[in-house]
Amino acid sequence: MHLVPLPTTGPAPTATAGRLAAAADADAQTAAFAVRGLDVHYGATPALRNVDLDIAHHRVTALIGPSGCGKSTFLRCLNRMNDLIADCRVSGRVLFNGTDIYAPGTDPVSLRARVGMVFQKPNPFPKSLYDNVAYGPRIHGLAGDRTALDEIVETSLRRAGLWDEVKDRLDAPGTALSGGQQQRLCIARAIAVAPEAILMDEPCSALDPIATARIEELIDELRTEYTIVIVTHSMQQAARVAQTTAFFHLGEVVEVGATERLFTDPRDARTKGYITGRFG
Amino acid sequence: MTEVASSLPPPIRRPDVSPARLARRHAAERRFRLCALAAVVIAAGMLLALIGTIAVQSYPAFFETRIGLDVDFDPDVIDPAGTRAPADLGDANYAVLVRRALEKVFPEVRTRRDRRALKRLLSADADLALRDMVLGNPALIGTTQRVWLLASDDVDSFVKGLIAREAPQETRRIDERMAAWIDALAAAGRIETRFNATFFTAADSREPEQAGILGAVVGSALTLIVTLALSFPLGVLAAIYLEEFAPRGRWADLIEVNINNLAAVPSIVFGLLGLAIFLNVFGLPRGAPVAGGMVLALMTLPTVIIAARTAIKAVPPSVREAALALGASHMQAVLHHVLPLALPGMLTGAIIGMARALGETAPLLMIGMVAFIAEVPRGFTDPATVLPVQIYLWADSPERAFVAKTSAATLVLLGFLAAMNAVAVILRRRFERRW
Ligand SMILES: Nc1ncnc2c1ncn2[C@@H]1O[C@H](COP(=O)(O)OP(=O)(O)O)[C@@H](O)[C@H]1O
Ligand SMILES: [Mg+2]
């Protein structure tokens, strides 16, 4: 369960290449996500270059880096949301629980049922609160009858810390909530499908500090059951919620490590420059 | 040199707010506003003038003149055998009853020619009206009733003052003699002007006083039902495919350009296409709503597709992404989320397309919907005409009374168009931006 930072700079000597690869493969089997040699292009423009990264089970992994460095692109590779972008080309391997999600024959629809996503801007459906949360369970046939569905909706809303605020108005439209409530509704909606991992792309960037604190608390609670990957532009947020942090720069993973170590003792000059505010 | 220049701070330019300049700016704004207002007033004025003219011209068409005669339902004429069988009652010579009733009012009219002129006071089918009364209520036989029979169109126009008394004798449809009769009838309280219900309950007729709009309204409705039933589902499906599933690229661009071109094709071309394919190849009945509806569906399809695509494009991608990220398939995301949000826009587009189809004449002329149809169509394959074609036919008729009918039919058509556009506006208001 321990995450080993991968060597990201310099080619491995040929003599040890085989051994390193074997070690990496072993890691790949134990990690929730194991990304190897991931390249992403938008048309001819590269967005990610040769990214290797392991994401451990039941931990919060934060992705930080200057804007435009490819954090969102990386995140969207983990549930194949990049498939929706016509000119986006992905090469390399992304293993989720040991199986390559880009292998032919993998169904992105079933993958996304196992890897949920929360977007930067809260995007509840313009339907009732109930229907928002119930939608996923309905399409995946998770509830046999109405009572079972009611139960899923309630537990999901409870886990997202929203139940007490909305239990009396489940018929109200999801879009009528405040921004922070909407984002928690989106989290509840993602949880309702019982995914194994949840991807969050700057989930607090549109929220005020109080709503942000609620979401951060929530992320910390959810960690026990879900593997969480969160993109954030706030280093304080990464420090507060994440156990592991990866620093992206110009489409590459520069440095990965335990959050505390990365912020107190960055090994790469670029990481150091970023966290001390010299660029980005 | 540059050093010298840079050592001097550049002169600071402040906005010119001198009263003269400000006054000029305000004056320009006033002029612009005035021009814009004038444009609106002129446009509104022209519209008002148009509708006002039509309304004034159509006014007489909403009233009809009836002549009250005491008809003696003589059993010897109607049912000499005394069977009271509907077949016998239907075959009787009711014209005799009409003639007798007229003679009772004008006993002094003796010559054949005068009697014939007397008969021309009434609409041609006065005897049929009596027959229908008797068939509806055989108890009338043997009684004498005051029956209000429809006056002929010339009498109607004369009573409404549309035919001047002073016009030269030879060219007048109502001569001195007839005018005297009408005056006598009026003096005896036997002439009444009533609301013209016939106009709304009858189909077309050679006799203006018996002609109505219902046949054309029903024909238009049947045609539009076919048009909507074909163009809406086809258009929405095509739009969903093109917008959501079709691979982008040269082919998609080609299709897009061609759909836009198709929307601009003159409507008569669709009529030619309909004639060549629907009538000549598929053998659909000429002049029937089913063929007309199919031609109009071809014509509206591009409009519906374009409107539906716009509506789909207006659905924020975040909704689609949210559904897909939950593991919905693409089709589920479209059917469950995109379509409901796009539907009002699609409906609006379809209604506007329908309104255009409702006002269309040219393509329908090509497939034979221009014939004179004296019956209200009962189904999609009956020969029918539609409102704008009816207007065209009436405008082409020589009788004076058809002038008002033409305007009245135009008013009815405009009413339907306004109602459809109102529905489109209401839909748009109602469902606008719920996300
Ligand atoms: N849909 C897209 N089409 C083309 N280029 C894109 C698209 N999305 C992102 N990019 C480009 O890819 C790079 C990485 O973007 P992104 O992953 O969004 O960065 P981040 O989330 O770290 O700010 C940027 O240079 C951006 O311009
Ligand atoms: Mg981003």
Side-chain angles (χ1 to χ4, degrees), chain A residues 75-76 78-87 107-128 131-142 156 173-176 182-183 185-195 197-201 206, chain B residues 239-257 308-348 426-435:
Chain A
L75 199 69
R76 293 165 63 92
L78 301 182
N79 66 345
R80 289 189 57 173
M81 284 298 274
N82 278 337
D83 291 12
L84 307 183
I85 299 167
D87 60 350
D107 183 4
V109 168
S110 68
L111 170 72
R112 289 181 201 135
R114 294 162 65 205
V115 182
M117 189 163 210
V118 175
F119 295 82
Q120 183 165 358
K121 198 166 154 269
N123 57 351
F125 298 127
K127 302 185 181 223
S128 73
D131 286 338
N132 261 281
V133 183
Y135 182 67
R138 273 193 189 126
I139 58 172
H140 296 298
L142 296 187
S156 308
T175 39
Q182 283 189 19
Q183 197 60 297
L185 177 65
C186 292
I187 293 175
R189 183 175 67 185
I191 294 173
V193 189
I198 301 177
L199 314 175
M200 301 185 179
D201 193 350
Chain B
I240 289 178
Y241 179 75
L242 291 173
E243 216 35 65
E244 293 284 344
F245 297 100
R248 307 277 139 150
R250 194 175 308 201
W251 282 106
D253 291 346
L254 198 72
I255 290 175
E256 167 131 32
V257 167
R309 290 185 73 173
T310 313
I312 293 174
K313 276 200 194 103
V315 175
S318 63
V319 172
R320 197 177 286 117
E321 281 188 340
L324 292 173
L326 280 174
S329 67
H330 195 161
M331 198 194 75
Q332 285 173 324
V334 170
L335 289 188
H336 298 161
H337 299 285
V338 177
L339 200 57
L341 291 175
L343 210 52
M346 293 173 167
L347 280 175
T348 308
I426 289 170
L427 270 178
R428 205 161 39 213
R429 286 273 161 77
R430 190 85 183 269
F431 295 99
E432 209 167 41
R433 306 294 238 119
R434 280 184 315 177
W435 48 85

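Numbers restart at 1 for each chain; the letters A, B, ... are given by sequence-line order, proteins then strands.
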(Q) Please tell me whether A/Asn123 and A/Arg189 have a donor and an acceptor in their side chains that are separated by less than 3.5 angstrom. (A)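 Note: A/Asn123 and A/Arg189 side chains meet the donor-acceptor criterion.
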Q: Please determine if B/Asp253 and B/Arg250 form a salt bridge, counting it only when a charged side-chain N lies under 4.0 Å from a carboxylate O.
A: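 Here B/Asp253 does not pair with B/Arg250 in a salt bridge, since their nearest N and O are not under 4.0 Å apart.
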Which portion of [X] sits near chain B, non-hydrogen atoms under 4.5 angstrom:
X	value
A/Val118	neither
A/Arg80	neither
A/Lys127	side chain

Q | Spatial distance of atom CZ (A/Arg138) from atom CG (B/Leu326) [nearest 0.5 Å] | A |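 Taking CZ in A/Arg138 and CG in B/Leu326, the distance rounds to 12.5 Å.
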Q. When rounded to the nearest 0.5 angstrom, what is the spacing between NE2 in B/His337 and CD in B/Glu321?
A.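 These two atoms lie 13.0 Å from each other.
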Q: Name the member of A/Met81, A/Met117, A/Arg114 that forms the most heavy-atom pairs with chain B at distances under 4.5 Å.
A: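 So the answer, after comparing A/Met81, A/Met117, A/Arg114, is A/Met81.
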Q: Using a cut-off of under 4.5 Å on heavy-atom pairs, state which of B/Ser329, B/Gly327, B/Ser318 scores highest against chain A.
A: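 Most heavy-atom pairs under 4.5 Å with chain A: B/Gly327.
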Q: Quick one: closest heavy-atom pair of A/Leu78 and A/Leu111, and the distance?
A: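 Looks like O-CD2, 4.0 Å.
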